[in-house]
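These notes are about the structure you will find just below.
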Amino acid sequence: RSSFIRSVETKTKMKFGEKLRFQMVPEWQHLYLDYDLLKKMIKELEEKHLFVPQITDKGTSLTIPRPTNEAGIPVTRPESYVSQEQFFRVLEQEMRKIEEFTKKQVFEIRRVLSEVQTQLLLYGPKSRTDQALLSVSADTMRINVEKAGEDFLKLEKYVNLNFTGFHKILKKHDRRLPNPCKDFYISRLHDQSWVRGDHSDIMVVMSRVYSALRGDEAVVEKETAKQNFVRSTRKYWVHTEDISSVKYSILQHLPVFLQKKMAGETDSQLVNSVYLDNHAMELYHGRLDKSPGAIALRFRWYGTGNPDTVFVERKTHRESWTGDLSVKERFVIKEHQVQSLLMGTFDLKGEEDKLRQQGKSAEDIQEFVDLASEVIQAINSKQLFPTMRTQYMRTAFQIPFDATVRVSLDTNLCMISERTKETLSCDRWYRDPSKKVPANEITRFPHGVLEVKLQLEDVSKTPLWVSDLLNSGKLLEVHKFSKFIHGCAVIIPEDVRAVPYWIDDASLKESIDKSGAGKLLEQSSGANEFYEHLLPHDSEGNVKVPHHHNSSVSSPVVSAHTSEKTSGPALLSIQAPKRTHTVDEESGQLSSSTSADGLRNCCGGYVYREECCEWAEEMESDHITVQKVEPKLFFANERTFIKWLHMGVILSSISVGVLAFSGSDSQSQYYAVLMLPVSLLFIFYALATFLWRSDKIKSRDNSRWDDPYGPVILTTLLIAALMIQFFFKLAEFMKSIK
């Protein structure tokens with residue numbers, strides 16, 4: 001629904017006051033920010049022409065007369081005077097009202113979920129004998145948890161509307177009145193518990209309840225059974241106001257995949273990844289160009305605080321059209337060993353002996369040695385050093401050991417430069433966290449990044465809830481999005497020769513400008529002449545995905561634009577030093593790693609069903625998709641052009657030959673005159689189609705690349721020419737008989 005409202009605002013330029021009234025939950029109308037009252041107070045204050053004291057005055061006098069207005073009349077306070085103090089007092093009252101209501105609603109939601117959890121314990125395995133009672137109780141619990149989920153999402157929408165309202169009213173105040181206060185009250189606003197509060201524990205509890213009601217069980221790990229699967233992965237941007245809605249839609253079908261070391265009741269885990277590169281940004285440009293064999297090296301650790309266990313990961317890009325798969329391989333080392341790995345003094349022999357003592361198989365040990373040796377060689381030969389770090393909170397949804405559907409959602413994403421004196425001199429391998437990061441060495445990504453991974457035996461068997469989520473309009477597809485590429489382009493712009501296409505998206509402009517990389521946007525002007533349609537937002541920052549009202553959401557099959565037929569993967573322990581073959585996130589291949597990478601819509605978020613909420617409608621949206629381009633497509637286009645050209649040349653040669661060798665009084669001249677323009681049409685059509693299709697391939701246009709009408713028209717003209725010649729000959733033959 002939020003996406004629909006954004007679309008409506010774009011078309012009608014709805015004012016915020018109207019938007020607020022349009023989106024209010026009817027039963028909560030009196031609990032929203034009194035926007036109209038505050039706006040009226042600002043108008044009255046503006047009409048009074050407030051006296052503005054000289055800011056430079058550092059003293060006063062008790063005998064100076066009262067100030068006068070432009071007409072020389074002393075400024076007096078009318079009986080109905082609205083003062084600045086009254087305005088600020090009302091502002092504070094509105095903040096308290098919203099905070100108290102939010103706390104009350106959160107408390108009630110937690111109470112309902114706590115009761116449902118208690119009921120789950122009561123109707124556990126000991127009560128399985130009474131199936132009828134269990135079924136009734138399960139239905140009741142499901143209704144209660146769905147109601148709690150709907151209330152939570154309505155509350156978040158309530159918070160977002162009020163938050164925007166405060167921003168709007170403070171901006172209006174500073175624009176119309178002489179004494180600005182926006183900066184102070186925005187800081188005050190962010191200190192409010194209803195703004196900064198983290199209620200992700202509610203999502204965790206709902207995930208556990210839904211998982212228990214579904215009866216989720218870990219799928220048995222398959223190591224030997226080989227099956228063919230179609231693997232696909234897609235990346236999406238998610239607006240901040242839609243994140244809870246998306247989470248709720250997913251957890252109704254997949255549990256939150258909690259790590260054993262995750263502390264507290266939260267649905268996310270901090271992930272840090274330090275990427276390596278050299279001064280020429282060789283790895284960056286290789287990944288950006290998708291060069292065959294291009295690698296990315298990174299050190300990753302999970303959780304807050306200083307790292308203890310570090311995953312050394314290498315990602316290798318391979319072209320899927322060649323039959324190869326892009327892979328991710330990794331091994332585990334301790335934090336104190338990272339420096340030795342960078343300096344080329346890593347004790348590979350000692351680690352090999354430790355693994356042998358731990359009872360690891362010879363195959364595992366050999367794979368560890370091979371991968372570690374290749375990583376060390378790449379670091380030394382390419383002169384790699386820590387360049388950029390990504391940091392984000394990851395929420396993963398997956399049934400353990402079931403890779404059919406896996407979803408990960410990254411929020412609070414930021415990219416930090418690791419090119420410091422300490423890292424360049426090898427004193428540290430990541431930035432000292434106690435030192436402040438300069439503004440031009442960090443960029444904060446304004447959206448969440450969601451990745452959907454499917455592993456299916458048949459694409460047509462895509463779960464309906466997945467299709468509904470992808471078509472909900474809350475996900476903005478960004479083809480081949482990469483955190484590594486984006487971070488390097490924004491925080492190290494002076495060293496990159498090219499930037500990714502999504503840099504030109506209007507929604508990123510503010511974050512790029514704050515990082516001091518505004519020149520990047522000027523340099524990339526015109527770079528998206530062919531790829532502008534891939535950007536999820538238009539030049540004004542509005543979502544480009546169209547939405548259509550419909551009583552039923554269509555669920556088209558998710559097209560596996562990056563798919564490969566492969567054998568079923570075996571999930572390996574992340575503690576083993578064995579190469580864990582997963583699929584590259586930039587390459588578009590589905591992963592099968594054991595890390596945390598890894599939706600029924602009923603008022604779930606802002607896509608509402610009529611039977612749940614009468615005050616809202618659901619909508620249908622289309623994807624912003626891209627066609628997959630492989631080198632053979634260009635050759636296929638050339639072959640098609642040559643075949644059409646060959647046919648045109650044959651027809652024109654026959655026509656010219658007939659004209660050259662037939663007598664001037666021969667009726668064969670008619671045949672040549674008819675066939676020659678048809679042959680020229682074949683040649684012109686072949687050239688025009690070749691150029692048109694080349695442009696389609698180059699721009700990766702998602703429209704049809706075939707021409708359903710041209711061949712039919714040309715064939716009809718050819719048949720008509722032949723039939724005319726046939727009737728001429730038939731008439732001549734009949735005349736000779738007579």
Any donor and acceptor pair, going by atom type alone, linking the side chain of Asn278 with main-chain N or O of Gln383 inside 3.5 Å?
no
Going by heavy atoms in the side chains, are Pro536 and Tyr236 under 4.5 Å from each other?
no
Under the criterion side chain to side chain contact (heavy atoms under 4.5 Å, CB included), I'd like the reasoning laid out for Ile503 against Val490: C-alpha separation, chi angles, the key distance, then a yes or no.
CA-CA 9 Å; Ile503 287 291; Val490 175; 3.9 Å; yes
Do side-chain atoms of Asn471 reach the backbone of Ser467 as a donor and acceptor pair under 3.5 angstrom?
yes
In Å and rounded to the nearest 0.5 Å, what is the OG to NZ distance from Ser482 to Lys290?
6.5 Å
Side-chain donor-acceptor pair under 3.5 Å between Asp505 and Ser507, yes or no?
yes
Got a salt bridge between Asp495 and Arg419, using NZ or NE/NH1/NH2 to carboxylate O under 4.0 Å?
yes
Would you mind reporting whether Val449 and Val238 have side-chain heavy atoms less than 4.5 Å apart?
no
Any donor-acceptor pair under 3.5 Å linking the side chain of Arg300 with the backbone of Val271?
no
From Phe368 atom CZ to Asp370 atom CG, the distance as rounded to the nearest 0.5 Å:
10.5 Å
Less than 4.5 Å apart, side chain to side chain, heavy atoms only: is that true for Ser408 and Glu451?
yes
Would you say the rings of Phe445 and Trp237 are close, in the sense that their centroids are separated by under 6.0 Å?
yes
Quick one: pull up CD1 in Ile295 and CD in Glu374 and give me the separation to the nearest 0.5 Å.
9.5 Å
Taking side chain as C-beta onward, heavy atoms only, is Ile250 less than 4.5 Å from Leu450?
yes
In the structure I gave you, are the side-chain heavy atoms of Lys480 and Ile485 within less than 4.5 Å of one another anywhere?
no
Name the residue from Val656, Val649, Leu651 that meets the side chain to side chain contact (heavy atoms under 4.5 Å, CB included) definition with Ser653.
Val649
Pro493 and Lys519, any side-chain heavy atoms less than 4.5 Å apart
no
Quick one: does Lys474's side chain get under 4.5 Å of Ser249's, heavy atoms only?
yes
Could you tell me whether the side chain of Leu476 reaches within less than 4.5 Å of the side chain of His239, counting heavy atoms only?
yes
Side chain to side chain donor-acceptor pair (under 3.5 Å) with Trp502: which of His486, His537, His479?
His486
Nearest-0.5 Å distance that lies between atom CE in Met388 and atom OH in Tyr284
10.0 Å
Verify whether the ring centers belonging to Phe385 and His279 lie closer than 6.0 Å.
yes
